[in-house]
Amino acid sequence: MKKLLRTAVTYPLWGIISLIFLPIAFVLALLPASTRYDNRFFFALTSLWNRLLFWSAGIRVTVSGREHLPDGPAVFVMNHAAALDIFVM
């Protein structure tokens with residue numbers, strides 16, 4: 001019963017959150033790549049959007065091994081275990 005209630009609350013919240021963030025993200029995504037990749041607002045917006053989605057679903061994301069990351073640019077490769085992996089990365 002608890003899972004059903006969480007699902008009944010989560011999906012409408014995801015819809016509301018997405019209706020707020022999607023139009024803004026879509027407009028920003030139409031910007032030229034050079035402008036979009038230098039725009040910290042775009043990344044802050046998508047990060048906040050994903051955090052709200054996970055929060056509304058009661059999902060906690062933990063990061064381990066952060067100390068092993070290089071200081072400069074890096075390429076991350078991951079094996080998807082679930083559809084939500086995309087939002088985490």
Side-chain angles (χ1 to χ4, degrees):
M1 183 66 174
K2 186 176 180 181
K3 286 184 181 183
L4 182 61
L5 181 61
R6 175 178 281 175
T7 301
V9 170
T10 298
Y11 284 133
L13 275 176
W14 281 25
I16 293 167
I17 292 168
S18 294
L19 283 174
I20 294 168
F21 283 93
L22 265 174
I24 302 166
F26 184 70
V27 169
L28 290 173
L30 293 176
L31 293 172
S34 59
T35 305
R36 186 174 63 240
Y37 292 143
D38 290 336
N39 189 343
R40 295 219 179 258
F41 179 70
F42 180 75
F43 291 105
L45 179 76
T46 54
S47 177
L48 177 62
W49 182 10
N50 288 323
R51 288 172 192 237
L52 284 173
L53 290 177
F54 282 126
W55 172 81
S56 68
I59 299 171
R60 291 183 181 261
V61 177
T62 57
V63 177
S64 61
R66 186 177 288 174
E67 65 276 2
H68 301 294
L69 295 177
D71 292 332
V75 175
F76 294 96
V77 179
M78 64 184 284
N79 185 11
H80 294 286
L84 291 175
D85 293 349
I86 297 165
F87 297 110
V88 172
M89 289 302 288

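For the pairing with Trp14, the side-chain contact (heavy atoms from CB on, under 4.5 Å) check across Leu53, Leu52, Leu19 returns one residue only, Leu53.
Under the side chain to side chain donor-acceptor pair (under 3.5 Å) criterion, Ser64 pairs with no residue at all, not counting sequence neighbours.
The two atoms that bring Leu13 and Ser56 nearest to each other are CD1-CB, 3.8 Å, heavy atoms only. Here the closest non-hydrogen pair linking Ser18 and Pro23 is O-CD, 4.0 Å.
No path of Ile, Leu, Val, Met, Phe, Trp and Tyr side chains, each step under 4.5 Å between heavy atoms, connects Ile17 with Tyr11, placing them in separate hydrophobic clusters. Hydrophobic clustering, with ILVMFWY side chains joined whenever heavy atoms are under 4.5 angstrom apart, groups Leu45 together with Ile16.
Between the CH2 atom in Trp55 and the OG1 atom in Thr10 there is a gap of 10.0 Å [rounded to 0.5 Å].
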> So Trp49 and Leu22, side-chain contact (heavy atoms from CB on, under 4.5 Å) or not? Walk me through it.
Replying inline: CA-CA 9 Å; Trp49 182 10; Leu22 265 174; 3.3 Å; yes
